[in-house]
Amino acid sequence: MAKINRKLKIFCVVGARPNFVKIAPLISEMKKYPKLIQPILVHTGQHYDQAMSKEIFKDLGLPKPDIYLYVGSGPHAKQTAEIMTRLDDVIVREKPHLILVVGDVNSTLAAALVAAKLRIPVAHVEAGLRSFNENMPEEINRVLTDRVADFLFTTEHSANKNLLKEGLAKQKIFFVGNVMIDALKKSKIKSQKSKILKRLNLKEKGYAVLTLHRAEIVDQKEKLLKILNILKVLGQKLPIVFPVHPRTRQNIKDFELENKFKMPNLIMTEALGYLDFLNLESNAKVILTDSGGIQEEATIFNIPCLTLREETERPITVKVGTNIVTGLNKDKILKEIKRILDNKFKTGHTPPLWDGRASERIVKVILKKYIKFFQFTRSFFKKYDL
Ligand code: UD1
């Protein structure tokens, strides 16, 4: 007979838009084990706007956060420190058994550091990705989070290699696939109902999508001017939809570039919801982006993707997928655009384990590691295949 059980209390910490997408399939997977796991959703408040947070929660069917820390925006160190201070109190009070973090934003690192200081195990989902560009705040977040994590869940083989090279123990590393793709697969049908194309007066495969939000690009006026130059030519070939991230909008205003961005065929919108954006991506002729997640989504939708950065921490999207790293090299971009319009661009394939089941694998790994923690008899776990 089973003894009285105790549940594994897992703090799932999120802060910024891409975190919400990654945590959604994990929370719904954890909820399949109500006798074993109690997931607690903690939102730091790094992203707080309706469009950047609430709308995305709604689109993903995510429950309201159990704990909200109201941290808001700020310089990197201050924001990270504020998250740490507020989270520390909550963790001491709630005593979770495991802290799970996703991705590479400031909230990810802050939560991992607090957990490490309090000696609570950390699980990092999307571990091991490396751009090898330490000018990116995300690169610092990735390296440091991985250093203190006890579970390193990876999306591609390059990540395993990076972690091993950094001397991290093999037993901590689990190649599980990509939770971002789990979310995409779950939302694909719903996203097809979006009216975004009609609303923006676009035709399937008749437009480009542009996204820009990386500090190392949008915080520099010269880089925005370079992008404007590229858009002038691209806009003569097809309409460009540009959902504008708040950081980018603010910089365009501060650099007094608002008028320059008013050009025919450039459709600037507010940041879009998850379902509208998936629909927009899946019907595009080409995607130009500096985002990591979008390179991955483009690969799954088999849409040509030009990455406007000098490198990618997700090399599988180039090796196997539809991605090409162009930087802001105008000639290279226009050459690739020509290839795309002539339908001569490479076709991509699905990277290994990007099958929509990464969350399932992650939760199983965690449960197996904690099997002795539960006070059920071994036979109880048979039905869960553990
Ligand atoms: C953050 C992440 C980045 C991620 C991106 C996704 C870090 C270091 N960066 O960048 O890795 O790809 O989120 O969107 O964690 N703002 C609003 N409303 C909001 C949130 C932000 O107006 O809801 C504005 C504020 O002016 C803020 C600025 O955007 O200062 C930047 O926000 P922040 O969270 O610091 O960084 P992101 O550029 O969004």
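Atom set for the values below is all heavy atoms of this structure, side chains included, hydrogens, waters and symmetry mates excluded. We count ligands from 1, going down the list as the structure has it; atoms in each ligand are counted the same way.
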May I have the N/O to N/O pairs between ligand 1 and the protein that fall below 3.5 Å, each with atom names and distance to one decimal?
residue: ligand 1; atom: 11 (O); partner: E138; partner atom: OE2; Å: 2.6
residue: ligand 1; atom: 12 (O); partner: H213; partner atom: NE2; Å: 2.7
residue: ligand 1; atom: 13 (O); partner: H47; partner atom: NE2; Å: 3.3
residue: ligand 1; atom: 14 (O); partner: H245; partner atom: NE2; Å: 3.1
residue: ligand 1; atom: 15 (O); partner: Q46; partner atom: NE2; Å: 2.8
residue: ligand 1; atom: 15 (O); partner: N106; partner atom: N; Å: 2.8
residue: ligand 1; atom: 18 (N); partner: D49; partner atom: OD2; Å: 3.0
residue: ligand 1; atom: 23 (O); partner: Y48; partner atom: N; Å: 2.9
residue: ligand 1; atom: 23 (O); partner: D49; partner atom: N; Å: 2.9
residue: ligand 1; atom: 34 (O); partner: Q46; partner atom: NE2; Å: 3.2
residue: ligand 1; atom: 34 (O); partner: H47; partner atom: NE2; Å: 3.2
residue: ligand 1; atom: 38 (O); partner: R247; partner atom: NE; Å: 2.6
residue: ligand 1; atom: 38 (O); partner: R247; partner atom: NH2; Å: 3.4
residue: ligand 1; atom: 39 (O); partner: H47; partner atom: NE2; Å: 2.7
residue: ligand 1; atom: 39 (O); partner: H245; partner atom: NE2; Å: 3.0

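- Under the 6.0 Å cut-off for aromatic ring centres, Y48 and H43 do not qualify, their centroids lying 6.0 Å or more apart.
- Every residue meeting the side chain to side chain donor-acceptor pair (under 3.5 Å) condition with R314, not counting sequence neighbours, appears here in chain and number order: E126, E296.
- Taking the six-membered ring wherever Trp is involved, the centroid distance between the rings of H124 and F151 does not fall below 6.0 Å.
- The side-chain contact (heavy atoms from CB on, under 4.5 Å) test with L328 singles out one residue from R309, K223, E222, and that residue is K223.
- Scanning for salt bridge (Lys or Arg N to Asp or Glu O under 4.0 Å) contacts around K338 gives D342, with sequence neighbours left out.
- Scored by the side chain to side chain donor-acceptor pair (under 3.5 Å) test, N343 finds K285 as partners (sequence neighbours excluded).
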